Every structure is written in structure tokens, then in C-alpha cells.
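One structure below.
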Protein chains: 2
Amino acid sequence: MSHIDRSLIAELPLFADMPAAALDDILHEARSLRYPKGKAVFQQNEEAHSFFVLLHGRLRVTQVTADGQQIVVRFVGPGEIFGVAQAIGRKDYPGTATAVTDSIALAWPASAWQPMIARYPQLASRTLQTVGGRLQDAHSRLREISTEQVERRVARALLRLTHQAGRKTPEGVLVDFPVTRQDIAELTGTTLYTVSRILSAWESNGWVEGGRQRILVRDPHRIFLLAEGDGT
Amino acid sequence: MSHIDRSLIAELPLFADMPAAALDDILHEARSLRYPKGKAVFQQNEEAHSFFVLLHGRLRVTQVTADGQQIVVRFVGPGEIFGVAQAIGRKDYPGTATAVTDSIALAWPASAWQPMIARYPQLASRTLQTVGGRLQDAHSRLREISTEQVERRVARALLRLTHQAGRKTPEGVLVDFPVTRQDIAELTGTTLYTVSRILSAWESNGWVEGGRQRILVRDPHRIFLLAEGDGT
DNA sequence: CAAGCTTTTTGCGCCTGCTCAAACACTTTC
DNA sequence: GAAAGTGTTTGAGCAGGCGCAAAAAGCTTG
């Protein structure tokens, strides 16, 4: 059995202020797994055999409808807990998690969840906060998709992406993982054609710079105004 | 200080299998409050002073956008915990909860949450399941609103309403609290005009029967087919 | 029971954004 | 470095559903 060093997780909010012995105890059941770009960590409807903490990389969580349409539920970044299906009372995963960059995750068997929160109740409490935050995100998206026009929704999605994974460059803020127009369409409830048109228009204004699976925001304030401002 | 009988909550899933002493302990800090139809239990952005369990009645939870547009987040029914803002790490309520029928709720001060889950960890675990369920609902709605046409979304919303609060009558299933066309529009991300047109069309087919703040589903299977079926 | 208010219906015109098609650009593979 | 694969752009046409307006239908209040 491979040993996992507690320093890998000691800094994460989920495990903050936990004694070293507790961290070692928690890590005892964990495996560390590599997911090369494109590989799925788990599939929608698959039995929820594990839950995870992402150590490195980036995942895209999607759901497909009965007729094959897809939406992007969220992107998962380092330090986040994910795949907590059994914690919210599900037997299977409600979505598919796919690595969009080479990723490393810790995995615990689903059966470890109950004993773990029994011994360390703050884990339940912190997971509740995480899930609560996701619920609010989902409600924000519902509010936006219900009431706002596509361009504004795309602006908001782009801002979120830069906050989640923005890397500052001399040119502006770059979304630091591969994102397709299709991804943005599935985040905002529109089509890849419409996203492409909107980004092209912004690019011709010099506000962003596109590229294959690449978006650089040259003028974040401008995008912010599109997202939040009045019609001016 | 008024005493609240533990029999009021002993049957609720949230408190299932808890000893009588624990229930009494939990109830010690609770107040029971009446909300006549139309009164708000709490307002969006208000400081989250309390969390609640609904004993009787029905609430509508809404959010308004900066420019005054509104969406319906959910309806709350008897037995449900709600207003758990502080449990998910918020200082204020993210939405407004309004009684749509005369309602009675138990209220605990927000400050009681941490001690309560420290003493009864299963409360955190069960709240996590509740919030997780809401997250899945929100994702379902996002999926639907992103990928489906309005008529199908209205069909789904109507089915949900009948499952949440349907009363069987000889004529069909009646949604057992006042729902306006506007409510359904705000649930499905459309306008009250479109909802009215759709319900009128269904009514002329004999599948539903409308009325002021009233919807009777005469042919639930038909509505189910609209929601789930292929295009036939 | 008349007046006033809220909710619902319906008509009409229009626009946002979708669909489909085709070309183009960039990467990866052999 | 050609070929194949994947992602992006752009045009043209069209329609689902929105916005507005006005009337009708139900409550409810004095």
C-alpha cells in the first residue's frame, strides 16, 4: 500500500485545523490516482464507488439528457472535493467527470464516508458548506439563464472562468485550461455558433482574444460591464 | 417560554431515530411561528437570524435580480428544513420565503446551528442530503432550461407540482395550493403569456383544467408524455 | 352588488438566437 | 508533410417565444 504524505492535504480548507494524526488516519484509506487529459474519473449513472479530492489539474463535470444533449455542470479545480454522490444520498454519480488537463486526485471508497464523518464531524459540516455553495451557483445560473440575454450570460461565464482559473499575462487574463466554444455554450444554455459569434464580436472590439480552446480576456472591466452593467 | 411538543417533529425524516431527550433538547431553543398567507418568513439579503422547519402550510422561495426580475427557486412543504443560510456559510438569506397558504414553522436562532450539529452530528449529515437533493433539482432545471423547449419545461414543472402537493380528486390531480401562471413562468424561465397559451392549449385538449391560481391535471399521463416522451 | 383589483386570455408584430451548411484553421498522427 | 481529426467561423433563413396592449374573467371589499 502506497503512503500518501499528509502535507498534500494539510493546507486544504476541507482539512484545515485537523491534527496530523487525523490527517494520517484519513489518508490511510485513500489512493492517489492519475488521470491524463481526456480520461473520465467517473461516468454518469455509474455506481458511486468512491469520492475524491482533486490535488492537481482540472475536471469538467457534465450531464447528458435522455436525447443526448449535454450541459456542463461545473469545472473542478485543485483542492475541491467532488464525486460526493453517496454523501448526498445517491447510489450513482449524477454526472460525468472528465480531466481537461492531466490531473491527480485522491480517492476514498464510498464506504469510508460514513465512518469518516462520524469520526471527524467537521468534514460533514464543511462538505455541507461546499455543496451549499454549489447550490447557490446553480441558482445563480438558473436566475441568469431565465432572465438574461445570451451575451450577458456568456460574459458572466467568462468572468467565472477567469476567477476559477485565470492566469494574468501582460496581454490580459488567460483562462488557464482548454475551453471550447461548445463548453461555454453548455455552460450558458446556448449553442456553439452563438458563442462563436459573440466572441468574434468582442474580439473585433479588442476586448478578448480567441483561439483554439483558448480565451484571453484583454479587457476584463469591459466584460464585467457586459455582465453587470446597465445597457450603456 | 412556550413548550413545543416533541410529537410535532418526531416523525420528520430530519429527526428520525432520535431519542425523546434529544428532541426535547433540540426543541428547547425553538419558537413556533404563524405566517398568514402572503407574509414573508424572511427576505432576500436580510441577515440570516434563524433557520426553520416548516410544520404546516406551503412557502414559495424566490430570488430577484438586480433589475427586478424574479425567479421561483422552490416551493417548501411540511417537514422540510429551510432558511439554512448559516449552515452553508452565508450571513444573509439568498432568497425570500413567502407563505402561499397559512403556515406554521419552527424557528431556531442561527447561533443554535453549530452547537446543535456538534451534539447531533446526524443533523449535519441529513441536512447535507437535503441540500444535495436541492442541488440535483437545480441541475435538473438547468439541464431542462438549457436544452428543452418551453412546452416540455412547463409539463415537467406541472408534474413536479403535482408530486409535491397533488391532491387526487375524481376529476384528476389538483395542485393543492394557489399557483399563478406567473409562478410557473418563473419556475420554467418563460413568460406568463406563454404559460397561459400552453395551458389554454392543453385545456382545449381536455388534459388539464385551469382557473384562477388553480391547476387541475385531468390526464397526468398525457402531461408525462409531453415531459418525457419523444415527439409523438 | 358595484367598484376595484388581480389574474388570465388572446391578438399581433417582431427579434433574438437557433438550425443547417460549408468553409476554414489549427493539431496530431503516421 | 500529407491526411485526418477536431475545433472555429460565418452566412442565410426561419421560428419559437417574447413584448406590448387590451379585454375578459374572477375575487373581495365596502
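Values reported hereafter were calculated over all heavy atoms of this structure, with side chains retained and with hydrogens, waters and symmetry mates removed. A quick note: this is a predicted structure, and the numbers were derived from the prediction, not measured. In what follows, every chain begins at residue 1, and chains take the letters A, B, ... in the order their sequences are listed.
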Notebook entry, point to check: Expressed in angstrom and rounded to an integer, what is the separation of A:E151 atom CD from C:dG17 atom P?
Noted result: 9 Å
Next item on the list: Please report the shortest heavy-atom distance between A:Q44 and A:Q63, naming the atom on each side.
Entry: OE1-CA, 3.4 Å
Check: Which angle, rounded to 10°, do you find between the first-five-pair axis and the last-five-pair axis of the helix from C:dC1-D:dG30 to C:dC30-D:dG1?
Finding: 50°
Next item on the list: Nearest whole angstrom, please: distance from the C1' of C:dG17 to the CD of A:E148.
Entry: 16 Å
Next item on the list: Determine: side-chain N/O of A:Q149 to OP1/OP2 of C:dT16, distance under 4.0 Å, yes or no.
Entry: no
Check: Within this structure, what is the CD1-to-C1' distance between A:I145 and C:dG17, rounded to whole angstrom?
Finding: 13 Å
Check: With B:E144, which of B:R153, B:R152, B:R160 fulfils salt bridge (charged side-chain N to carboxylate O under 4.0 Å, His left out)?
Finding: B:R160
Next item on the list: Consider only side-chain N and O atoms of B:T191 and B:T194, and report whether a donor and an acceptor are under 3.5 Å apart.
Entry: yes
Item checked: A:E203 CD - D:dT10 P separation (whole Å) -> 9 Å
Next item on the list: Indicate, with a heavy-atom threshold strictly under 4.0 Å, whether A:G210 touches base, sugar-phosphate, or nothing.
Entry: nothing
Check: Taking the six-membered ring for Trp, are B:F52 and B:Y35 parallel (under 30°), tilted (30 to 60°) or perpendicular (over 60°)?
Finding: perpendicular
Item checked: Near-strand residues of residues 182-198 of chain A, defined as heavy-atom separation under 4.0 angstrom from DNA chain D -> A:L192, A:Y193, A:S196, A:R197
Check: Quick one: is B:T180 getting a side-chain N or O under 4.0 Å of the C:dT6 phosphate, OP1 or OP2?
Finding: no
Check: In whole Å, what is the span from the CZ atom of A:R181 to the C1' atom of C:dC24?
Finding: 14 Å
Next item on the list: Could you check B:T127 against B:I81 for side-chain contact (heavy atoms from CB on, under 4.5 Å), going step by step and ending with a plain yes or no?
Entry: CA-CA 8 Å; B:T127 304; B:I81 189 169; 4.1 Å; yes
Notebook entry, point to check: CH2 of B:W202 to CD1 of B:I223: how many Å apart, nearest 0.5 Å?
Noted result: 4.5 Å
Check: Under 3.5 Å, is there a donor-acceptor pair between the B:Q213 and B:R181 side chains?
Finding: no
Notebook entry, point to check: Under the 3.5 Å rule, do the base of D:dT6 and the side chain of A:R212 count as making a donor-acceptor pair?
Noted result: yes
Margin query: Between B:S140 and B:D137, do the side chains contain a donor N or O and an acceptor N or O under 3.5 Å apart?
Written below: no
Check: Over how many whole Å does the gap from A:R60 atom CZ to D:dG7 atom C1' extend?
Finding: 13 Å
Notebook entry, point to check: How many Å lie between CD on B:E209 and P on D:dA25, as a whole number?
Noted result: 16 Å
Margin query: Whole angstroms only, please: what is the CD-P distance between B:Q213 and D:dG26?
Written below: 14 Å
Margin query: Before we go on, tell me: are the rings of A:F177 and A:F75 under 6.0 Å apart, centre to centre?
Written below: yes
